[in-house]
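Bear in mind the structure is a predicted one, so any value in this text is a computation, not a measurement.
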Amino acid sequence: NINDNDNINDNDNVNDNGNVNDNVGVDIDIDVDVDVNTDAEDSNGDRAPSRGSLSYTIGDFVDIYSSTESRGRYGSVMTCFFIDTASNIYEYILTIRNALKGDGVWINVGPLQWHQNAKLHPSGDELRTIIESMGFQISSWAVDDEAINYRHDDTNDNERTRHTKYEGYRPLRFVATLPESVRVALNEEDAEIQIRKIRQMLSPRPRRPRSNDGADDFDRRTNVTSHVTITEL
């Protein structure tokens with residue numbers, strides 16, 4: 001559905017080898033701005049259908065929509081077979097929260113088949129807890145009873161005879177709203193800085209020397225203090 005607000009519509013970015021780039025790498029984000037001309041009529045005198053404009057942006061989803069320019073800009077965000085491409089799901093949620101207006105809606109459909117490079121692999125229940133803890137109110141949450149075949153066309157007789165393997169997922173569907181009060185409280189939040197801090201905390205650490213001779217100097221240079229816990233995210 002397209003409403004009078006701007007929208008983002010995101011899909012997976014999988015290359016020919018079946019690999020997903022970190023944080024989607026190259027992603028196509030669709031911005032729809034509907035320009036309705038209610039006075040237009042066709043040659044028969046009937047009201048003509050409204051016309052709109054369509055544009056797309058090629059780039060990294062997190063880099064583009066976590067920016068201050070995108071803060072509070074969109075009335076709705078739709079993620080379709082997309083969120084499990086995240087190397088860190090916290091980055092995607094922070095980005096979506098940054099982009100939404102007050103009372104904006106996040107609509108999702110797709111599996112939680114986390115990519116092998118993902119640093120976190122939350123279950124459905126854990127993901128819901130994370131989303132709610134970041135200020136969203138969930139009005140609908142369900143997992144399909146039947147799996148969706150995503151690779152082959154079941155309705156095509158030739159496809160059914162050619163392939164004997166069924167590959168499908170049971171998508172998670174949810175609708176979450178970012179309340180106006182939360183949006184107001186987040187107006188001074190810098191999502192880019194938060195995401196940068198998360199990446200720094202989870203980045204690989206240099207190996208500590210085995211000998212005690214260089215260990216103290218290593219600790220001073222790298223400022224190693226303690227392991228990062230999930231609550232610190």
Side-chain angles (χ1 to χ4, degrees), residues 1-13 23-24 26-40 47-86 88-112 124 127-144 171-195 198:
N1 294 326
I2 301 175
N3 56 32
D4 290 339
N5 297 319
D6 293 336
N7 299 274
I8 307 176
N9 189 341
D10 306 304
N11 296 299
D12 297 5
N13 177 46
N23 274 343
V24 185
V26 176
D27 185 34
I28 297 179
D29 306 308
I30 307 297
D31 297 342
V32 180
D33 183 13
V34 179
D35 181 15
V36 179
N37 184 355
T38 56
D39 297 328
R47 189 175 301 279
S50 59
R51 294 179 299 175
S53 61
L54 179 69
S55 65
Y56 65 90
T57 303
I58 299 178
D60 184 274
F61 173 71
V62 171
D63 289 346
I64 294 173
Y65 294 106
S66 65
S67 65
T68 54
E69 291 80 6
S70 296
R71 182 187 297 160
R73 177 182 174 186
Y74 297 96
S76 61
V77 174
M78 174 175 285
T79 49
C80 179
F81 279 68
F82 175 72
I83 60 175
D84 58 352
T85 66
N88 187 332
I89 188 59
Y90 279 89
E91 294 186 13
Y92 276 15
I93 301 174
L94 282 169
T95 300
I96 293 170
R97 188 174 71 173
N98 178 73
L100 280 175
K101 298 177 180 179
D103 293 328
V105 179
W106 174 14
I107 303 171
N108 176 79
V109 58
L112 299 181
L127 178 62
R128 178 168 186 163
T129 299
I130 293 171
I131 293 173
E132 290 179 328
S133 70
M134 297 180 74
F136 286 92
Q137 293 180 351
I138 295 175
S139 58
S140 176
W141 186 280
V143 177
D144 285 8
L172 166 66
R173 303 174 188 268
F174 67 77
V175 177
T177 302
L178 185 68
E180 175 66 29
S181 59
V182 176
R183 174 72 273 164
V184 171
L186 294 173
N187 275 343
E188 300 303 319
E189 178 189 67
D190 193 322
E192 290 178 301
I193 292 178
Q194 286 190 307
I195 290 171
I198 290 175

List the atom of [X], the atom of [Y], and the distance in Å for their closest heavy-atom pair.
{"X": "D103", "Y": "P179", "result": "OD1-CA, 3.7 Å"}
{"X": "V175", "Y": "V105", "result": "CG1-CG1, 3.6 Å"}
{"X": "I138", "Y": "S140", "result": "CG2-O, 3.4 Å"}
{"X": "S70", "Y": "I64", "result": "OG-O, 3.2 Å"}

Which donor-acceptor pairs under 3.5 Å do side chains of residues 129-137 form with protein atoms, sequence neighbours excluded?
from : atom 1 : to   : atom 2 : distance (Å)
T129 : OG1    : D125 : O      : 3.2
E132 : OE2    : R128 : NE     : 3.4
S133 : OG     : T129 : O      : 3.3
S133 : OG     : I130 : O      : 2.6

Hey, is the main chain of D144 close enough, under 3.5 Å, to the side chain of R173 for a donor-acceptor pair?
-> no
Can you tell me how far [atom2] of [Y] sits from [atom1] of [X], rounded to the nearest 0.5 angstrom?
{"X": "I198", "Y": "I193", "atom1": "CD1", "atom2": "CD1", "answer": "12.5 Å"}
{"X": "S76", "Y": "I107", "atom1": "OG", "atom2": "CD1", "answer": "6.0 Å"}
{"X": "N108", "Y": "C80", "atom1": "CG", "atom2": "SG", "answer": "8.5 Å"}
{"X": "Q194", "Y": "Y90", "atom1": "CD", "atom2": "OH", "answer": "12.0 Å"}
{"X": "L100", "Y": "Y65", "atom1": "CG", "atom2": "OH", "answer": "12.0 Å"}

Mind jotting down which residue pairs meet the salt bridge (charged side-chain N to carboxylate O under 4.0 Å, His left out) criterion with at least one end in residues 179-192? Sequence neighbours excluded, please.
-> R97-E189
Step by step, work out the side chain to side chain contact (heavy atoms under 4.5 Å, CB included) result for T79 and W106.
-> CA-CA 8 Å; T79 49; W106 174 14; 2.9 Å; yes
Should Y92 and D84 count as side-chain neighbours, where that means a heavy-atom distance under 4.5 Å?
-> no
Intermediate values then yes/no, side chain to side chain contact (heavy atoms under 4.5 Å, CB included), L172 and W141 | CA-CA 7 Å; L172 166 66; W141 186 280; 3.6 Å; yes
Under the side-chain hydrogen bond (donor to acceptor under 3.5 Å, both in side chains) test, residues paired with N98 that sit two or more places apart = none
For the side chain to side chain contact (heavy atoms under 4.5 Å, CB included) test, which of L112, V143, V109 pairs with P171?
-> V109
Would you please name every residue forming a salt bridge (Lys or Arg N to Asp or Glu O under 4.0 Å) with D63, sequence neighbours left out?
-> none
